[in-house]
Each structure stands twice: as structure tokens, then as C-alpha cells.
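For reference, the structure is listed below as C-alpha cells.
So you know, we letter chains A, B, ... as the sequences are listed, proteins then strands, and number each from 1.
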2 protein chains.
Amino acid sequence: MPRASQRKPGVQGCAVERTMSLIDGKWKIIVLYKLLGGTLRFNELRRLIPSVTQRMLTHQLRELEADGLIVRTVYAQVPPRVEYTLSARGRSLEPVLLAMKEWGDANLSSSEAYAA
Amino acid sequence: MPRASQRKPGVQGCAVERTMSLIDGKWKIIVLYKLLGGTLRFNELRRLIPSVTQRMLTHQLRELEADGLIVRTVYAQVPPRVEYTLSARGRSLEPVLLAMKEWGDANLSSSEAYAA
DNA sequence: CGGGATCCGTCGCGATACTG
DNA sequence: CAGTATCGCGACGGATCCCG
């Protein structure tokens, strides 16, 4: 699903599809999910999601911010400090994220269910 | 999110991520969503999702089948007839899909919310 | 009708290096 | 610490033609 957060208003159809377009991107859901636990700094996110590169993390965070799902707060300090928090809109995604987590736990437990 | 339904068991982290890997692909959620309404034939799906090409529809259907989310039934007839139905596992995704639809309806109504 | 095969463009994403 | 810049690969996805 390409071109996240670059929706052409007239094209998209159903709400499900439009919702997906905000959530896609290889790392967004995990970022959102981690942020459910509260505000996190850039490198805290990196540690929580080891396999993401900082380039992609930056990119995904920017898109999430552009979509109004997270809030980016910069503190003008000597050691830079940037915090990311879910916006009200982002927090409203919680049911979706939790539904996905529960489904994953239930249907992908360990490594079963790989046989069809 | 590349390589759908080609998960490397050791890599993926949380359940949310693994769930996403089954749902990604530009058309899967819409297909699943449409199938919530009941069994559909190939061209019925095409008509319901006009912007998908048959190549991609075929491809996505194959992946969904490989992931055990849908069931493909072929009737050996003169005019070929292939039906797609949600599997039990696929149907169990309903809460997730509905959560996404509701969120979309609530937060993306018409075209507002585009300003941050 | 329901595909499969092939060709090809695009862009998502990773690796690496540099900066205020 | 929190980025930005550049480079390149390969998956994703569209178009077109062919088949049982």
C-alpha cells in the first residue's frame, strides 16, 4: 500500500481502506502501539523497535505527525530532546490496535497456524 | 510492508506486527471486508473493487488463501466458477475490520480532518 | 469466466555516512 | 540525541496478451 498519507481525496473508497492508508508503512502500527504506553523519546522508540533504522523511524514518525496521529514536541536543549505522544486522534485508534493485538495473540500464538 | 505472507518466524516481534503482515497488501482488507458480507465470485469482487486489476486481485486472493484467511472453491464447470469465502480464521478478523471501519467513519468522515 | 505469463515502472525501505 | 543526505535494490503493483 504505497503513498501513505498522500491520499487523493476522490480516489479512496470505503472507510476501512482510508483507515489502512494511515496505518500502513512498515512500522507505524508498532510505533502507535508502543506509544499507547505513553510518551516516548526518539531513541526510546528505537530501543523498543530494534529492527527499525533511524531513517525509517524518522520517516514514519513524520507521516504519523502529518496525519495528526501523534504529537511531536521538541525541547530546545543542549542535548536535543524530542518526545512523541499520541494525539487524541491517535489515541482513538486504541480499539483498532488492541483488536489487532488480541487477534494476533489468539491466532498466531507462537508459531502454530502456519499450516493453512 | 513487503513480503506479505512470507514471514520469517524469528524476525517478527509483537502480535500487532504479525497481524499487520497478514493484512497488508494494497487490497487485502477491502477484500476481507467485502467477504464479510458472504461468499463472492472472482468477478463479483472485481466489480465491488473497481480499481483493482485482476492480476493484483488474483495475487492478493492467493496470499489470503495461503495465510488461511479465505477459502477458494473451484467448480469444474464449462463456464469456470470460483468462489471465495472467509475461513473461520478470516471471519475471526471481523472485530479488527469493524474497528477499522468505525474508526474511519468517525475520524475521516467526508474530507475533514485533513488539516493536521 | 477466471485466471496465468511477461514486461516494466515506481517507490518503499535499508545501509551508510555526515551534522547541529 | 535526533536527526538529514545519498545511494541503490527489489518488492509491489499496473498494463497487456494469452489460455483452458
Requested in this report: Could you tell me whether a side-chain N or O of B/R18 sits under 3.5 Å from a main-chain N or O of A/G104, the two making a donor and an acceptor?
Outcome: no
Query raised in the report: Does one hydrophobic cluster hold both B/I30 and B/V71, with members joined at side-chain heavy-atom distances below 4.5 Å?
Result: no
Report task. Ignoring the backbone of B/W27, work out which of C/dG2, D/dG3, D/dG14 is nearest its side chain. Result -> D/dG14
Report task. Take atom CD of B/E44 and atom P of C/dG2, then tell me their distance rounded to the nearest Å. Result -> 8 Å
Report task. Starting from C1' on D/dG3, measure out to CZ on A/R81 and report it in whole angstrom. Result -> 16 Å
Report task. Could you check A/L32, A/L40, A/T85 and say which one makes a side chain to side chain contact (heavy atoms under 4.5 Å, CB included) with A/I70? Result -> A/L32
Report task. Evaluate whether atom OH of B/Y84 has more than 12 neighbouring non-hydrogen atoms of other residues, nucleotides or ligands under 6.0 angstrom away. Result -> yes
Report summary line: Winner on side-chain proximity to B/T53, out of D/dG3, D/dG14, C/dG3, is D/dG14
**Report entry** Separation of atom CZ in A/R62 from atom P in C/dG12, rounded to whole Å
**Finding:** 17 Å
Query raised in the report: Is there a side-chain polar atom (N or O) of A/Y84 under 4.0 Å from OP1 or OP2 of D/dC1?
Result: no
Query raised in the report: Given that A/F42 and B/M56 both sit by DNA chain D, which one's nearest nucleotide is further toward the 5' end?
Result: A/F42
Query - Shortest side-chain distance from B/K26, nucleotide among D/dA2, D/dG13, D/dT4 - result: D/dG13
Query raised in the report: Counting N and O atoms only, with roles assigned by atom type, does the side chain of B/R72 sit under 3.5 Å from a partner on the main chain of B/L61, one being a donor and the other an acceptor?
Result: no
Query raised in the report: Does OP1 or OP2 of D/dC12 have a side-chain N or O of B/R55 closer than 4.0 Å?
Result: no
**Report entry** Heavy-atom neighbours of B/F42 CZ exceed 12 at 6.0 Å
**Finding:** yes
Query raised in the report: Nearest-Å distance, CD1 (B/I23) to P (D/dC12)?
Result: 16 Å
Report summary line: Of D/dC17, D/dA2, C/dC1, the nucleotide closest to the side chain of A/N43 is D/dA2
Query - Contact under 4.0 Å: B/Q60 side-chain N or O vs D/dC12 OP1/OP2 - result: no
Query - Whole-Å distance separating the CD atom of B/Q77 from the C1' atom of C/dG2 - result: 12 Å
Query raised in the report: Quick one: which of A/E83, A/R41, A/R81 gives a side-chain hydrogen bond (donor to acceptor under 3.5 Å, both in side chains) with A/Y75?
Result: A/E83
Query - Axis deviation across the helix from C/dC1-D/dG20 to C/dG20-D/dC1, five-pair ends, to the nearest 10° - result: 50°
Report task. Could you tell me whether the phosphate oxygens of C/dC1, OP1 or OP2, come under 4.0 Å of any side-chain nitrogen or oxygen in B/R46? Result -> no
Report task. Measure from the side chain of B/V82, starting at C-beta and using heavy atoms only, and say which of C/dA15, C/dG2, D/dG14 lies closest. Result -> C/dG2
Query raised in the report: Rounded to the nearest Å, what distance is computed from the NZ atom of residue B/K28 to the C1' atom of nucleotide D/dA11?
Result: 13 Å
Report task. Could you state the atom-to-atom distance from CG of A/L57 to P of D/dT4 in whole Å? Result -> 11 Å
Query raised in the report: Any idea which of D/dG13, C/dG3, D/dC1 is nearest the A/P80 side chain?
Result: D/dC1
Report task. Would you confirm whether A/R46, through its side chain, and A/L57, through its main-chain N or O, come within 3.5 Å as a donor-acceptor pair? Result -> no
Query raised in the report: Atom CD of A/Q54 and atom C1' of C/dC18: how far apart are they, to the nearest Å?
Result: 11 Å
